[in-house]
Amino acid sequence: VTKGCNNKVLFVNLTSGSINEEPIPEEIYRNFVGGVGLGVRILYERMKPGVDPLGPDNMLGFVTGILTGTKVPATSRYTVVSKSPLTGTWGDANSGGYFGPMLKATGYDAVFFTGISPKPVYLLLYDNKVELRDATELWGKDTVETREILHEELGDPTVSTSCIGPAGESLSLLASIHTDRAHAAGRSGLGAVMGSKRLKAIAVKGSQSVDVANGALLKDVRGMYLRRLDIFRPENALAKLLRQFGTCGFTSIFLTSGVTPIKNWGLAGAEAFPSHAKIDGANITKYQVKKIACSGCPIACKGLVTVEKGPYAVSMADKPEYETIAGFGAMCLNDDIESIIKINDICNRYGIDTVSAGTAIAFAMECYERGIIGKEQTDGIELTWGNAPAIIAMLEKMVKREGFGALLADGVQRAAEKIGGGANEYAIHIHGEEPAYHDGRALPARGTAYLADATPGRHTSWWAGAQSQAGAPFAPYPELRVSPEEVYFVGPCYTQGCASFGLCFSAFFAGNFPLIEFVGAVTGWDFDVKEALTIGHRVQTLRQAFNNREGLRPEDFELPQRMAAPPSAGPLTGLSVDFKTLRGKYYEQMGWDAQGVPSDQTLAQLGLKELVAERGK
Ligand code: SF4
């Protein structure tokens with residue numbers, strides 16, 4: 001058996017109601033680990049290409065990492081995996097909170113769903129009890145209410161939950177999945193997959209501890225890491241910022257350096273948004289009433305905020321992340337911080353991804369400004385830039401699928417097709433997914449990931465590569481201090497390797513997370529950096545093979561002109577990056593051909609040849 005995990009997973013067929021547990025062989029853990037790695041291994045084998053993402057044959061998995069639930073700090077993440085209904089590509093999104101460790105403590109490493117339930121249900125995993133329960137009364141409730149009702153029904157406020165809100169129920173392709181309070185698996189529209197299965201929630205609580213190979217060594221490595229993480233050390237300045245403010249602490253830095261897109265990706269830089277300081281992290285933190293953290297995380301970047309009075313009054317809401325502030329602030333020229341706190345609360349309660357939703361509103365504002373739509377289409381809402389009440393009014397229509405909001409609820413690509421009149425020129429997306437708010441020209445590895453990763457438009461999938469290009473070390477290993485060219489292999493591979501173990505990418509900010517030592521202590525494996533990269537290479541190659549099998553080719557993925565051409569104003573003026581050439585370099589370094597298809601030699605080297613041959617290429 002593999003130490004650090006339970007060596008078994010659950011399969012739930014929602015059509016028939018059958019629940020089966022299956023053992024996972026040691027070899028699969030060693031090669032794919034957990035999280036996104038175990039997720040793609042299982043879905044690639046058990047799914048056929050071409051399934052309807054919202055149909056019964058799509059699978060939806062909630063998968064923990066091997067380090068999750070152990071004493072290793074910042075490893076509470078679990079990954080949701082499925083075929084994305086937003087992009088038709090491989091889909092994954094990960095979330096922190098307590099759900100991952102609690103799922104692991106029930107004795108299972110993951111749970112996978114297929115089929116469609118005849119009525120709304122939730123899955124209860126309570127130590128040895130595993131059952132599907134009626135969720136008719138929960139259907140229509142928001143994510144906060146759902147959690148509260150489950151706590152009451154189960155008589156236990158320590159049960160951890162993962163659930164959808166009304167946006168997921170109405171199959172908004174931007175719907176997210178919400179964990180406990182303040183955590184979301186936001187991207188790829190996976191909340192709609194959960195809604196299509198009529199699966200309202202999963203409630204978990206377990207009391208089993210995870211067996212590790214060498215507890216004494218783990219204690220020593222942990223002590224060493226916590227001493228190294230000391231946020232008063234100058235090398236940990238980014239971690240200190242994160243601890244003080246959360247990701248919103250990066251807002252002014254990103255905005256003034258031109259990383260943050262402004263006015264629907266039309267502008268950049270402080271001059272384009274002179275009142276930007278009003279939405280900075282320091283300002284948001286004034287509203288913080290409680291600091292919170294994911295399970296076992298010493299960084300503790302999260303918080304709850306309260307706006308006491310006024311039109312945006314809200315109590316104990318999640319503190320907005322950088323992405324939310326950029327989306328509903330800079331992208332919409334909105335400097336009203338209290339409105340952004342309220343907007344974040346609406347998105348979280350209804351269960352919609354704040355990145356995609358922010359772009360959808362900014363897109364509608366630009367269409368309004370250019371006369372492509374008018375008040376007749378917007379149900380009377382004056383969608384002018386910076387108009388916070390109008391943003392909220394349209395967002396509420398979007399999450400409830402009402403009027404013009406129903407168009408926006410499935411993302412800008414589909415909305416532009418329906419609006420017509422040249423609206424597609426202002427629809428910022430890559431193969432249907434709205435990109436995160438980091439201009440790829442500032443850090444080309446990130447822009448290349450938007451175009452080349454199996455989940456398009458994502459800022460987290462090559463995190464280590466972008467951080468390396470920013471000049472900030474992401475790991476304490478000399479083998480990873482690579483040239484700007486090699487970043488196109490090391491960046492995605494190390495990132496996917498870490499994600500498979502359950503590590504939070506924010507831990508990269510401290511730059512000294514001893515992954516190799518932790519893995520050795522937990523699993524007993526003779527583990528090194530080379531193996532971490534090989535695991536990431538394997539996971540990344542199978543994610544790509546999933547897309548290849550769906551018939552997707554490089555020409556299906558394009559960066560919008562506003563993200564690809566040299567900017568004519570702002571801090572990045574004139575910066576020219578040839579993202580398609582960089583994508584070619586990435587393919588080459590990964591051992592894939594010019595069409596992004598892994599060569600037989602690469603598949604053989606990664607031990608994927610038989611799987612891909614059997615299950616289709
Ligand atoms: S850094 Fe923040 S998001 Fe990451 S595990 Fe810690 S508290 Fe959670």
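Indexing begins at 1, ligand by ligand and atom by atom, following the structure's order. We number each residue from 1, following the sequence as shown.
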Describe, in one word, how the ring planes of [X] and [Y] are oriented to each other, choosing from parallel (under 30°), tilted (30 to 60°) and perpendicular (over 60°).
X    : Y    : value
Y437 : W265 : tilted
F489 : H537 : perpendicular
F474 : Y494 : tilted

Self-check item: Ring-ring centroid check F112 F62, cutoff 6.0 Å
Solution: no
Self-check item: Side-chain donor/acceptor of T324 to backbone N/O of P320, under 3.5 Å
Solution: no
Quiz item: Excluding waters, how many protein N/O/S atoms sit closer than 2.8 Å to atom 8 (Fe) of ligand 1?
Solution: 1
Quiz item: Is NZ or CZ of K8 both nearer than 6.0 Å to the six-membered ring centre of Y108 and within 45° of the ring axis?
Solution: yes
